Amino acid sequence: MNNKQILPEPYRAKMVEAIRLLPPAQRRKRLEEAGFNTFLLRSEDVYIDLLTDSGTNAMTDVQWAALMRGDEAYAGSRSFEALEAAVRDVYGFPFIVPTHQGRGAEHLLSRSWIKPGQHVPGNMYFTTTRLHQELAGGVFDDVIVDQAHQPDSTHPFKGDIDLDKLKALVQRLGQDKIAYAAVAAPVNMAGGQPISLGNLKAVSDFCRSKGIRVVLDAARAVENAWFIREREDGYADWTLGEILREMCSLVDACTMSAKKDAYVNIGGFLATHDRGLYEEAMNLCVVYEGLHTYGGLAGRDLEALAVGVREMVEGTWMDHRISQVRYLAARIEDAGAPFVVPVGGHAVFLDARRFLPHLPQEALPAQALSAWLYEECGVRTMERGTVSAGRDDQGRDRRPALELVRLTLPRRVYTQSHLDYVAAGVGRLYARRGSLPGLKFVYEPKRLRFFQSRFCPLPAAAATGANSDHPKASAY
Ligand code: F0G
């Protein structure tokens, strides 16, 4: 990796927030109190927070100014009109239903378009997306290319759908059993891997020929557009906005977590070309989110989001973001630690299987690695492995091929020297990796267990202990 130089951050600080590094003994104590789950740490006890890029963005001065223009009317807010206009201009969808965040939109979509027993093929699961599909009675089927499950495959578009897998599924079930195809761009759980426009078009053509609808998860679609421009023939001269609109023209609807691409701290929406979905989702919005002109958001949030949607495709924000992620990956590579390649747009994903080869999957290597990294240097990260994958409908642990720890970069928050510090911490931990123990569950909640589970360390020598009988609230 030769990407060692990056341009300085394309911003200057106008307001700062103090952070502090606890001494090692206190970090160990906090980790124990948090049940070795980084989600249960207090933010105050975290030095550099790479848990997520969701809602952790620093807004521009223009977005902050827009907050003051928020129209807090219950109905018909001017701020909703600003959002609607921005989404129409930037994404090209005529119909927009605002929601409090991405999973709100997933809920409305799943209830509107999934009939119990129907299947939803997609390019790898996402935690909340799959759960909403299942709660609506649907079954998720992974039809991503095999390379997505291989952390060392250098395929440039590991987010692509395997057309043969998709066609075989439709052939086997019949098109009436397919609620819609769910396309994430990029694929978070695979390491932030993009889908090519050529593949999205092929999926769209096939689905349209069968009368199957296609839904885009647009949370980080601008990042995906950046990779299309970099890697796919024919798009080098397109703007990010043009690529994004092209992507959206190939699908029937999108769900959006605006806490990512759109640089806000809260918000989301469902957007569509389909009037029927719009009317159904708008009606469900009133039940679950709030009136269809605020969807659980304050007027000021809508206003900041409207600005964020326009700004996200402009300037050098995305160039900088991706160069920051690559810079961190290059520093970690210098330290010798293994991570998923190619590096995606929002995070570096450490490969816990190769980082901790002495730990079997039952010893939860990715959960353990994220815990020990906090203890080592106060850096908070997130497990994306067995714990996140949850249980299948028989109550058995799912065993994903990927056991990853995500070092996610909040947008416009940290500087290059923060990244140097993080990489140095990863390097120190890697140097003493052989002594790091695994973890086992001591508590597991019913749904989305990664958020609230608690763990304890396995004795170093007995790292092979099975966790199949770990305590749980129910076999979800
Ligand atoms: N889709 C993708 C690809 C996501 O990454 C997320 C959230 C959602 C949907 C749900 O959106 O959080 O606004 O309800 N991802 C966060 C993360 C939680 O850390 O990756 P939400």
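In each ligand, atom 1 is the first atom listed, and ligand 1 is the first ligand listed. From a predicted model like this one, the values you see are computed outputs, not experimental measurements.
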Practice problem: Find the distance between OG (Ser110) and CG (Leu135) and round it off to the nearest 0.5 Å. | Solution: 8.5 Å

Quiz prompt | Atom indices of ligand 1, in the order listed, that fall short of 4.0 Å to a heavy atom of Glu106 | solution = 1 (N), 8 (C), 9 (C), 10 (C)

Quiz item: Does a side-chain heavy-atom distance below 4.5 Å link Pro151 with Glu403?
Solution: no

Exercise. For ligand 1, find out whether one of its N or O atoms is nearer than 3.5 Å to an N or O atom of Gln101.
Key: yes

Quiz item: Taking 4.0 angstrom as the limit, do Arg130 and Asp142 come out as a salt bridge?
Solution: no

Practice problem: Could you pull out, from Lys260, Arg384, Met124, Arg406, the option with a heavy atom nearest to atom 20 (O) of ligand 1? | Solution: Arg406

Practice problem: Sort out for me which residue in Thr408, Asp53, Asn188 forms a side-chain hydrogen bond (donor to acceptor under 3.5 Å, both in side chains) with His346. | Solution: Asn188

Exercise. Give a yes or no on whether a salt bridge exists between Glu444 and Arg391, defined as a side-chain N under 4.0 angstrom from a carboxylate O.
Key: yes

Exercise. Taking the six-membered ring for Trp and the full ring for Phe, Tyr or His, determine whether the centres of Phe80 and Tyr294 are under 6.0 Å apart.
Key: no

Quiz item: What protein heavy atom sits nearest atom 11 (O) of ligand 1, and how far off is it?
Solution: Ser257 CB, 3.3 Å

Quiz prompt | salt_bridge(Asp392, Arg398) N-O dist < 4.0 Å | solution = no

Practice problem: Would you check whether Lys259 has a nitrogen or oxygen atom less than 3.5 angstrom from a nitrogen or oxygen atom of ligand 1? | Solution: no

Quiz item: Near Met382, which atoms of ligand 1 are under 4.0 Å from a heavy atom of that residue?
Solution: 19 (O)

Quiz item: Quick one: which ligand 1 atoms are inside 4.0 Å of a heavy atom on Thr52?
Solution: 17 (C), 19 (O)

Exercise. Before signing off on this row, confirm whether Gly102 and ligand 1 have an N or O atom pair separated by under 3.5 Å.
Key: yes

Quiz item: Of the choices Thr408, Asn188, Asp217, which has the non-hydrogen atom that lies closest to atom 2 (C) of ligand 1?
Solution: Asp217

Practice problem: Check each atom of ligand 1 against the heavy atoms of Arg103 and keep those under 4.0 Å away; list them by number with element. | Solution: 11 (O), 12 (O), 14 (O), 21 (P)

Self-check item: Any N or O of Thr128 closer than 3.5 Å to N or O of ligand 1
Solution: no

Practice problem: Find out whether Leu109 and Thr272 are in side-chain contact, i.e. whether some heavy atom of one side chain is under 4.5 Å from a heavy atom of the other. | Solution: no

Exercise. Specify the protein heavy atom at minimum distance from atom 8 (C) of ligand 1: its residue, its atom name, and the distance to 0.1 Å.
Key: Phe126 CE2, 3.5 Å

